[in-house]
Each structure stands twice: as C-alpha cells, then as structure tokens.
Amino acid sequence: RKPTLAVVGATGAVGTVMLQILSQHADIWGEIRLVASPRSAGRKLAVRGAEVEVLALGEEVFDGVDIALFDVPDDVSAQWAPIATAKGVVVVDNSAAFRMDPDVPLVVPEVNPHAARVRPRGIVANPNCTTLSMIVAIGALHAEFGLRELIVSSYQAVSGAGRDGVDTLRRQLSLVAGGELGTSPGDVRRAVGDDTGPFPAPVALNVVPWAGSLKDDGWSSEEMKVRDESRKILGLPALRVAATCVRVPVITTHSLTVHARFEDEVTVDRAREILATAPGVVLFDDPAAGEFPTPADVVGTDPTWVGRVRRALDDPTALELFVCGDNLRKGAALNTVQIAELVAAEFTV
Ligand code: 2RA
C-alpha cells in the first residue's frame, strides 16, 4: 500500500517548494492531500502533474492520512499536530514548536537518519533553515574529526521571512534603484519609507544584523536555534556554539561563514576529501579560478555547497568554510520531504 500524504500549509513559500519536490522525486505516495487556512481553501495547485483542490484545515482532513508535512506558524503546529497524531498520523513539522522537545527527534537524513525511527509523540521535527544550510557539511566533518566548537555568521536570504520578506526586498529594490542612494546616512531609510516589512531596517542596499525575536542577554531566537539545534542533531549537548545571524539582500539561499574547531589537528586535504564525497554536499573551491559558491548560483539546487576551505592560521585544529544552501529547498521543503520518505519506507516494507 502506498502511504497517503497531507501537505499542511501547501500555499506558502515553503509549501510551494514542497509540491515541486514531490512532483520531481520518485512517486512513492498514494493520495497527496493539500491543506491550508480556510482563506486558501478551494484554490487548485499542481502536484505530480495534476491540479489538486486545497482543503481547509480541520480535523477531518487527517482521516486516512499516514504522514503529514506541516509548514505553518508555530502556534498552528502546536495546536494541530497533536490533533493529527491522535488520528495516527506521523507529523513531520517545520515549525519551531517541537524542535527542542526531548520526545521529538530533530532529523537531517544525511546526519542522523536513525533518530527518525524513535518518535514518542508521533512527530518528527525539521530544523530551522539556518541550521540546515550548514549542518550536512558540518555533520560529515564531525563524523571524521569530532567537532568541539562552531563559530558562525549567517548571511540570510529574505525568503526565510516568507513571501512578505521577498515582497519587501523587491519593493525596496524598485525604490532605491538608480540614483545616488547609499551615500549618506539615512538616505536608503528615507527612500524605502517606514514600511520595512518583516525586517527591523531596510534590507535593500543594506545588511541587517538581526533575524527572529529577542531572547535573553541580547541573543536572537535565530542565533539560539543554530546553537540548540546543532547540538541536538549532532548529539553533542555541550557543543560550544556562537552564532551571529544577519539578513542580506538575497532572495533565496542562506550562506554562512563557519569556524569549526575539532578534537585534533586537521588537514585541508582530508577535509576536502570528506566534503567532496559526503552525500548532499558539493565542494566548489578553487579561488584561483574564481570558484566558490554564491547564493545567486546555488539557488534552486538541493546540495549544501562548500568553498573557501582553509585551516585556521592560528589553530591547527580548526577549519574555516563558506557554505551556501537554498533555504527553501534543503533548508525547509526538501529536508521535510526527505524525512517523510524515510518514514514512508516503514509503511512499504
Ligand atoms: C529566517 N530561518 O531565515 C528563518 C526562517 N525560519 O528568517
């Protein structure tokens, strides 16, 4: 029997990519049911080459469903995932509602696939896109070298903040194009006006050292997610992590600089071998030829791209990397679908 899948949040930025990926991957599913808020019910969306009508979120949409992908706000997941699991549905959730719940595995199939099999609450959580954009490469290096510390800075695309983020950057770009803006204090801010969308400052012609909400001692929620989720996925509860998360004027694809310190001395040659052969990773690293990943080249692709691999000049146990990953694909929709495919294998054996 082919399992029945529901996609909850099918009309959102990530939901749209989920439907594309489900249409591209081997078709292991029976029915695929599309679900969204009542506002979007009745719309038709293409999946697997057919138009499917979107149903309004309600208890009955989970009848007969085996696995449900959720990409909805945290409070909606918190309310509706338990309703789905009470009906026997395995929920793969891309919100932050359950990620740090000790009874919910947080899974990246290339790094900790075994974790997806133990799910006391019937829920498997998908990590945040910033963690996901680097963790496949870091997991491969950790498996060989033993990770001790991560110091990262992110360069996050506006689609991480959803359709509103993308609309905001495009609107601001049209307001600042041409002319001499970006040459005196506040000129960009005046040109884009008070409506900075989901961002606390203009993002066009700018970088904004903030993503998420304010947590203790000046850290942002996004920075805490990088720390907490990396620890959980890698099974390193005491891993030292320091993250600074920054929004940049890129539509889609998060980038990160990573300083990764390991147990013993590392060599760039061995690191390059590991990265070149790790599933889900592409090593693209030849600065002499101008080759390194950039978001504009990586967007729309599945792997984690790694370049600028260097050994730290002042610490032979540490590597410096530049990593790019499409935040809507591996950072969200793709990883969620991959988890669902892992769980689906249990239904079909
Ligand atoms: C962002 N990581 O980029 C967030 C989305 N979950 O804003």
Side-chain angles (χ1 to χ4, degrees), residues 8-9 12-18 69-78 81 92-100 104 106-108 124-136 138 150 152-170 172 196-204 206-215 219-233 241 243-258 295 298-300 304 323-337 339:
V8 182
V14 172
T16 302
V17 180
M18 282 178 181
L69 310 180
F70 273 55
D71 189 82
V72 292
D74 297 355
D75 57 327
V76 179
S77 275
V92 184
D93 181 48
N94 190 34
S95 81
F98 303 102
R99 285 179 186 143
M100 298 317 298
V104 174
L106 183 64
V107 174
V108 181
V124 181
N126 193 64
N128 185 39
C129 49
T130 312
T131 312
L132 266 173
S133 297
M134 65 162 187
I135 203 72
V136 178
I138 299 305
L150 282 175
V152 307
S153 291
S154 73
Y155 305 77
Q156 292 182 220
V158 294
S159 61
R163 291 194 195 283
D164 190 22
V166 175
D167 292 345
T168 297
L169 176 56
R170 292 203 189 283
Q172 291 181 355
T196 55
F199 311 117
V203 70
N206 209 6
V207 297
V208 182
W210 191 257
S213 56
L214 181 62
K215 297 294 176 189
W219 294 95
S220 73
S221 57
E222 196 75 3
E223 291 157 353
M224 297 308 292
K225 287 176 189 177
V226 171
R227 179 171 185 258
D228 295 340
E229 295 176 15
S230 297
R231 288 174 160 192
K232 184 167 176 177
I233 295 161
V241 182
T244 301
C245 290
V246 180
R247 192 76 64 182
V248 296
V250 165
I251 297 292
T252 293
T253 292
H254 287 354
S255 308
L256 296 102
T257 56
V258 179
V298 160
V299 62
T304 302
V323 182
C324 290
D326 184 318
N327 53 298
L328 299 181
R329 289 185 76 89
K330 185 61 184 173
L334 174 62
N335 200 71
T336 312
V337 171
I339 295 170

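Indexing begins at 1, ligand by ligand and atom by atom, following the structure's order. What you are looking at is a predicted structure, and each value in this text was computed from that prediction instead of being measured.
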**OP:** Step by step, work out the side chain to side chain donor-acceptor pair (under 3.5 Å) result for N128 and E222.
**Re:** CA-CA 8 Å; N128 185 39; E222 196 75 3; 2.8 Å; yes

**OP:** Flag the pair T244 / S154 as yes when at least one side-chain heavy-atom distance between them is below 4.5 Å, and no otherwise.
**Re:**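 Not in contact.
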
**OP:** Grab the two heavy atoms, one from D164 and one from P198, that are nearest each other, plus how far apart they are.
**Re:**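 So the minimum-distance heavy-atom pair works out to OD2-CD, 3.5 Å.
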
Under a 3.5 Å cutoff, is there a donor and acceptor pairing between the side chains of [X] and [Y]?
X    : Y    : result
T131 : R227 : no
N327 : Q156 : no
N94  : T336 : no

Original post:
Which residue and non-hydrogen atom of the protein lie closest to atom 7 (O) of ligand 1, and at what distance in Å?
Top reply: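 Minimum-distance protein heavy atom for atom 7 (O) of ligand 1 reads R247 NH2, 2.7 Å.
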
Original post:
At a non-hydrogen distance cut-off of under 4.0 Å, which region of K225 contacts ligand 1 (side chain, backbone, both, or neither)?
Top reply: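 Neither part.
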
For [X], the ligand 1 atoms whose distance to one of its heavy atoms is below 4.0 Å:
X    : result
Q156 : 1 (C), 2 (N), 3 (O)
H254 : 3 (O)
T130 : 2 (N)
C129 : 2 (N), 3 (O), 4 (C), 5 (C), 6 (N)
E222 : 1 (C), 2 (N), 3 (O), 4 (C)
G160 : 1 (C), 3 (O), 4 (C), 5 (C), 7 (O)

Original post:
Given N128, V14, N94, V158, which has its nearest heavy atom closest to atom 6 (N) of ligand 1?
Top reply: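 It is N128 that holds the nearest heavy atom.
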
**OP:** To the nearest 0.5 Å, tell me how far N126 CG sits from R99 CZ.
**Re:**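 Interatomic distance, N126 CG to R99 CZ, rounded to 0.5 Å: 7.0 Å.
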
